[in-house]
Every structure is written in C-alpha cells, then in structure tokens.
Amino acid sequence: MSMTFRRRLPIPMEIRDQMPLSPPLAQRKVAFDAAVAAIIRGEDARKLLVIGPCSADREDSVLEYMDRLARLQDEVKDVFLFVPRVYTNKPRTRGTGYKGLLHNPDPAGEPDLLEGVKAIRSMHLHVIEHTGMFTADEMLYPENHQVLLDLLSYVAVGARSVEDQEHRLVASGIGVPVGMKNPTGGSTAVMLNSIHAAQAPQTFIYRNWEVETTGNPLAHALLRGYVGKDGLNYPNYHYEYLERLADQYHADDYEHPAVIIDCNHDNSGKRPLEQGHIAEEVLDSVARSTRIAGMFRGFMMESYLEDGNQSVDGGIYGKSITDACLGWDNTERLVRSLADRL
C-alpha cells in the first residue's frame, strides 16, 4: 500500500489563463448568473431546467445535443431558463467503472489527469461558445472546482458528497446557486444541515490557503429520491413529502428556501421515461399548495440524443454510457408540454 506523487500539476488559475473565457462571454455570464439567482430567490417567475446527459462523455455528441437545446430554449424562454448539464465526472458507489473525462485514458491506456482537466474545461467552454448558455456540473472533487470557477452558473453537490465537510465549506464560497442533494439514504435532516452549513460564513484550509467565505445564500435543496434499507428505490417528490419539507425548510432558518426536483435517479428508479410523469405530478402539487409553490424553482433532468443507455464501449452516438437518459424527441415533447402548463 502506497501513494506515489507522480508530478506537480498547474494550479487552476494557470489552466484558466491558458484556456480563457472571452471578455464578451464573461460579461454575458454576469447577466446569466443574475437571472439564475433571481429564479432561486423567487424574484423571477420562470423556472430553472438543469438538463443534459448523465455524463458528458464525448464532445461531438454533447455539442450536437447542446445546439438543439439552445434552439429549444428560444421557444420556451418566457417560462424556462435552461442551464445545460455538462457533468464531466461520475461518482461511483463502489469506486470502479467509468469515472468521467478526468480519468479518460491516453493512447497507451493510462489516465492522463492533466489532459483530463483540460478536456473538462474545453468541453464547458465549447458548450458556452456554441450556445451562449452557461453550464452546470457536479462538484465531485472540491479541490478541482476552481478549474471551472468562471464558467459554471449552477453547481450540484451529490448524494454521496452532501455529508462531507469539505463539500459543504467550499459550497459556502461559491458565487452561484448550489443544489445540495438529499443523501442516498434519504435523510431530510442531512440535506437541510448541508444547506445551513453552505449558507453560513466559514473559515477553513483549501488548496494550501487559509480562506474565509461569506456564505452562499443561494444554496438550496435538490431532491433526487433515495435507496431504502431494502435496497429499493423510493421517490421524494410526491405531494406529502414536499409538504413535510415545507414544514422544516422556511425563511426563519434559511435564506431563500428553494427546491429543485431531480426527475431521474432514485425518483424515477433510473427509468428515464418516467421523468415526464414526475414533472407533471410536481406541477399538480404546485397548483394544489401555495407552500409547495413558494419553494419550487424547477427541475433537473437527464437527457441526451438517444433514449436509454449502453455499455462504455457500446459505440452508439449520443447514447449515455452511464445512467439511462431521455432521448431528444421525448425531451422536446416533454419540455414543450411543461412549458404549456407553466
């Protein structure tokens, strides 16, 4: 058992300088971020739709998907603001299998982590340059977050990470909304504690620096379902669950109580075609309850060019190599249907 330090890598600021966001796009991001923040605060009646592949595995198919998404955004811009999911790292329950672009092998079959970092930034940059929409990613590795600091308009802390102290502290210093998922076991208390920690000022050590944060008032709940002790999937988007969440999640204790519903993962039992039924039921609950409506801010969905998923070496263009996704034709129909209701 050992740990070998192979080489020193450039710090994130150096990578950002090597691969910069253009000044016009940097200026545009200020307005985009303000719009996303206004929705989370409840000041803009539109809803967020954080949407895209489970894993952004290859740039050509991701860019084709995002170009289509940008055209659909123009159709529904009065009711939805899209934040493209460009999820470049994949958490693994057992620590093996496809872990995302960071770990993609070089021609010799060995991971080249520096090239992986550059590929991640390149993909986000190209999506932004193609579409004018700024991106979302999961903060799987907090120490790598600053590689994308200037590109992301939405950050998620995943179900396996939300109890981790470093994730919570770093989230407190992020300048855009951070969705704190419920843990895989489903505890609402853990999720709310993570939101509280992310909204509070913090002092800690980060990348060899002593840092202070002011707290992130845009940290919020992201419901993704959970796995019961019996190993089965259980949803947490139903009316009764949202009513109970509203009992505990209010403005006396939290800034801008807000919830995004993840329509896939354990909420759907990883059956992506169920995402439409889930979204429709949530909108029914919003119509029935002013308390649910008061904290509902939008949806997260997993969507790609083709329905379903395949093995890592499956070879089907635009089909997920991790969790199954909703294909483009079904995505387009669903988004238009939801927009008509809103």
Side-chain angles (χ1 to χ4, degrees), residues 6 9 50-69 84-127 130 135-141 143-145 147-148 152 155-161 181 184 224-225 227 231 233 262-275 300-331:
R6 296 173 59 189
L9 299 178
V50 184
I51 184 169
C54 175
S55 296
D57 59 319
R58 49 184 287 179
E59 191 168 296
D60 53 356
S61 54
V62 167
L63 287 178
E64 180 174 336
Y65 172 89
M66 295 302 173
D67 285 339
R68 296 185 190 186
L69 194 68
R85 270 181 61 110
V86 184
Y87 274 34
T88 52
N89 295 300
K90 179 67 178 174
R92 308 305 313 199
T93 301
R94 300 180 67 183
T96 57
Y98 177 78
K99 298 186 182 73
L101 283 183
L102 180 64
H103 299 270
N104 274 4
D106 64 16
E110 292 294 325
D112 186 330
L113 299 187
L114 177 57
E115 290 306 310
V117 168
K118 291 180 177 179
I120 287 170
R121 183 165 174 88
S122 175
M123 185 178 288
H124 280 272
L125 275 171
H126 289 160
V127 169
H130 271 245
T135 52
D137 205 341
E138 179 176 347
M139 186 173 63
L140 184 57
Y141 307 113
E143 64 272 20
N144 294 348
H145 169 72
V147 171
L148 301 176
L152 299 180
V155 174
V157 173
R160 298 166 187 81
S161 304
K181 285 196 171 185
T184 54
R224 48 90 72 200
V227 180
N233 304 107
D262 181 344
C263 296
N264 212 20
H265 296 100
D266 290 319
N267 270 333
S268 71
K270 297 190 177 181
R271 295 171 295 168
L273 294 176
E274 294 298 310
Q275 293 183 98
M300 179 176 283
M301 294 182 180
E302 291 192 318
S303 161
Y304 210 178
L305 297 177
E306 300 292 338
D307 285 323
N309 63 346
Q310 61 182 334
S311 65
V312 173
D313 57 357
I316 300 174
Y317 179 80
K319 192 169 189 175
S320 176
I321 61 171
T322 49
D323 290 350
C325 294
L326 200 64
W328 180 255
D329 290 344
N330 283 315
T331 297

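Here the structure is a predicted model, which means the values were calculated and not measured.
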Is the side chain of Q310 donor-acceptor paired with the backbone N or O of K319 at a distance under 3.5 Å, no angle test? yes

What pair of heavy atoms forms the shortest contact from I321 to S311, and how long is it? CG2-O, 3.7 Å

Please check: side-chain N/O of E138 versus main-chain N/O of N89, any donor-acceptor pairing under 3.5 Å? no

How many angstroms lie between CG in L125 and CD in E59, if you round to the nearest 0.5 Å? 9.5 Å

I'd like to know if the side chain of D307 reaches the main chain of G327, judged simply by a donor and an acceptor atom lying under 3.5 Å from each other, with no hydrogens or angles considered. yes

Could you check whether any side-chain heavy atom of V155 comes within less than 4.5 Å of a side-chain heavy atom of H145, counting everything from C-beta outward? yes

Checking the side chain of H124 only, and the main-chain atoms of L152 only, is there a donor and an acceptor separated by less than 3.5 Å? no

L140 side chain near L102 side chain, heavy-atom distance below 4.5 Å: no

Atom of C263, atom of S268 and distance for their closest heavy-atom approach: O-CB, 3.4 Å

With distance as the sole test, does N309 use its side chain to make a donor-acceptor pair with the main-chain N or O of T322 at under 3.5 Å? yes

Taking atom CD of E115 and atom OG of S122, what is their separation to the nearest 0.5 Å? 10.5 Å

Between the main-chain N or O of S303 and the side-chain N or O of N330, is there a donor-acceptor pair closer than 3.5 Å? no

Does I51 reach the side chain of T331, with side-chain heavy atoms less than 4.5 Å apart? yes

Got a sec, which residues hit ring pair (Phe, Tyr, Trp, His ring centres under 6.0 Å) with Y87, two or more places apart in sequence or on another chain? none

Taking the side chain as every heavy atom from C-beta outward, state whether K181 and V157 have any pair of such atoms under 4.5 Å apart. no

Do P53 and M66 have side-chain heavy atoms sitting under 4.5 Å apart? yes

How far does CG of D266 sit from CZ of R224, to the nearest 0.5 angstrom? 4.5 Å

Can you tell me how far CG of D60 sits from CE of M123, rounded to the nearest 0.5 angstrom? 8.5 Å

How long is the straight-line distance from OH of Y317 back to CZ of R58, given to the nearest 0.5 Å? 6.5 Å

Is the shortest side-chain heavy-atom distance between L63 and V127 below 4.5 Å? yes

Tightest non-hydrogen contact, residues S61 and Y304, listed as OG-OH, 2.7 Å

Quick one: does D323's side chain have a donor or acceptor within less than 3.5 Å of a partner on K270's backbone? no

Supply the atom-to-atom distance D329 CG to L305 CG, rounded to the nearest 0.5 angstrom. 10.0 Å

Hey, does the side chain of E302 reach the backbone of P272 with a donor-acceptor pair shorter than 3.5 angstrom? no

Check A119 against L101 and note the closest heavy-atom contact, atom names and distance. O-CD1, 4.1 Å

Can you tell me if R85 uses its side chain to pair, donor with acceptor, with the backbone of C54 under 3.5 Å? yes

How close do A136 and V50 get, heavy atom to heavy atom, and via which atoms? CB-CG1, 3.8 Å

